[in-house]
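Just so we're on the same page: letters track the sequence lines, and every chain starts at 1.
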Amino acid sequence: MPELPEVQTTVNGINSFIKGRTIVDVWTDLAVENPTLPSHKTSTKSKKFFTLFKKSVIGGKIIEAERRAKNIFIHLDNGISIWIHMKMTGHLLYGKYVLISKEWTPSTEEKNEALRDPFNKYLHTIFTLDNGRHLALSDVRKFAKVTFVKTTELPEIYKEFGPEPLEDTFTFSVFTKQLQKRPTRPIKEVLLDQKIIAGIGNIYSDEALWLAGIHPLRTVRDITDTEMQLLYKGVISALKKGIDFGGDSTSDYRDITGTRGAFQGKHEAYRRTGQPCRKRGCPGTIERIAFSGRGAHFCDTHQT
DNA sequence: TGCAGTGTTGCTTC
DNA sequence: CGAAGCAACACTGC
């Protein structure tokens, strides 16, 4: 699920619902661990690390949440930032929960029925807020990671991610310069590399390539300047469209109120295998190939 | 029933 | 070194 538009939707939700709240407690079943950039090896799978985590975030007031690549940073007023990566199936939920026999479930007072959606179970980390409500991490597959860093360390960490495709500084020249760092690699693979461009995953790379009419296996250096222009626009418009529709809930993704996004009904390529291409006048069919350990979907006619 | 496939990414192996 | 493949985990669908 969570690529740039889904993570952005989550961050927007945190900022509209829980900004200003203070964290008064944290619970975890230790099923999640922290992101492992070279500089941050410790794991919440150890009780010792979790004790330190608790000590660092309890009493902190949420100033603002921020997205970098597919990561969420929640800045607290005590100089600490909570760092969350939702990986494949993680998502954050805001609700009123109760702990019953080692499992958190929505309280009877919780009026938001979406939180009772089966996809919104599997809670592995719970932040209790000063209004008695909770920010919960739901994650079936338990790949999501949670840790903390000093806020002052973030500029150094942000350097490990590529440029942000929706920022004003992401010009066509930045785009091509980044892609040219991998001239011999297939374009789809390069688009997925977070160090080249931040935030693109399997869904939006398929969509961007469909928009640009480029086959996913084309090598970067074989792509013409005209095609690059189309791809640059395609990347930006696919991501913006994802945000406009509140993200993609093909699978587990939900916004922090537990509600599905709507982008899954809007795909042109992703997971439309065997269906007709919807580009105007195109007689093609969407094809799927296995590639780089995942699926790539593209039109067999207009993507060349 | 069984196995391929699922949004991510870092580690291992060659 | 780059590149390919896999592992982490649980569930769905063919």
B:dT9 OP1/OP2 closer than 4.0 Å to side-chain N/O of A:Gln194
yes
Nearest heavy-atom neighbours spanning A:Ser107 and A:Arg116
O-NH2, 2.9 Å
Just to be sure I understand the geometry, which residues of residues 265-279 of chain A put a non-hydrogen atom under 4.0 Å away from DNA chain B?
A:Tyr270, A:Arg271
For A:Tyr122, which fellow cluster members are found when Ile, Leu, Val, Met, Phe, Trp and Tyr are connected by side-chain heavy-atom distances below 4.5 angstrom, either directly or through intermediates?
A:Val140
Every protein N/O lying under 3.5 Å from an N/O of nucleotides 1-3 of chain C:
none

State which residues pass side chain to side chain contact (heavy atoms under 4.5 Å, CB included) with A:Asn131; sequence neighbours excluded, sorted by chain then number.
A:Arg21, A:Tyr94, A:Leu129, A:Arg133
For A:Ile63, which fellow cluster members are found when Ile, Leu, Val, Met, Phe, Trp and Tyr are connected by side-chain heavy-atom distances below 4.5 angstrom, either directly or through intermediates?
none
Give me each pair satisfying ring pair (Phe, Tyr, Trp, His ring centres under 6.0 Å) with a member in residues 258-304 of chain A, each pair once, sequence neighbours excluded.
A:Tyr204-A:Phe263, A:Trp210-A:His302, A:His215-A:Phe298, A:Phe263-A:His267, A:His267-A:Tyr270, A:Tyr270-A:His297
Name each donor-acceptor pair under 3.5 Å that joins a side chain in residues 161-170 of chain A to protein atoms two or more places apart or in another chain, with its distance.
{"unit_1": "A:Glu164", "atom_1": "OE1", "unit_2": "A:Arg67", "atom_2": "NH1", "d": "2.8"}
{"unit_1": "A:Glu164", "atom_1": "OE1", "unit_2": "A:Arg67", "atom_2": "NH2", "d": "2.9"}
{"unit_1": "A:Glu164", "atom_1": "OE2", "unit_2": "A:Arg67", "atom_2": "NH1", "d": "3.4"}
{"unit_1": "A:Glu164", "atom_1": "OE2", "unit_2": "A:Ala69", "atom_2": "N", "d": "2.7"}

Just to verify, what does A:Phe143 make a ring-ring contact (aromatic ring centres under 6.0 Å, His included) with, not counting sequence neighbours?
none
Using side chain to side chain contact (heavy atoms under 4.5 Å, CB included) as the criterion, list what pairs up with A:Asn78, not counting sequence neighbours.
A:Leu76, A:Ile80
Could you measure between the two P atoms, the one in C:dC6 and the one in B:dA4, and give it in whole Å?
12 Å
Could you write out DNA chain B as dot-bracket? Rules: Watson-Crick or G-U wobble, both distances under 3.5 Å, brackets [ ] for crossings, | for pairs with another strand, dot for unpaired.
.|||||.|||||||
Sorted by first residue and then second, give each side-chain hydrogen bond (donor to acceptor under 3.5 Å, both in side chains) pair with at least one member in residues 223-236 of chain A; sequence neighbours left out.
A:Arg218-A:Glu227, A:Thr224-A:Glu227
Interface polar pairs with nucleotides 10-12 of chain C, N/O, under 3.5 angstrom:
{"unit_1": "C:dA10", "atom_1": "OP1", "unit_2": "A:Lys142", "atom_2": "NZ", "d": "2.7"}

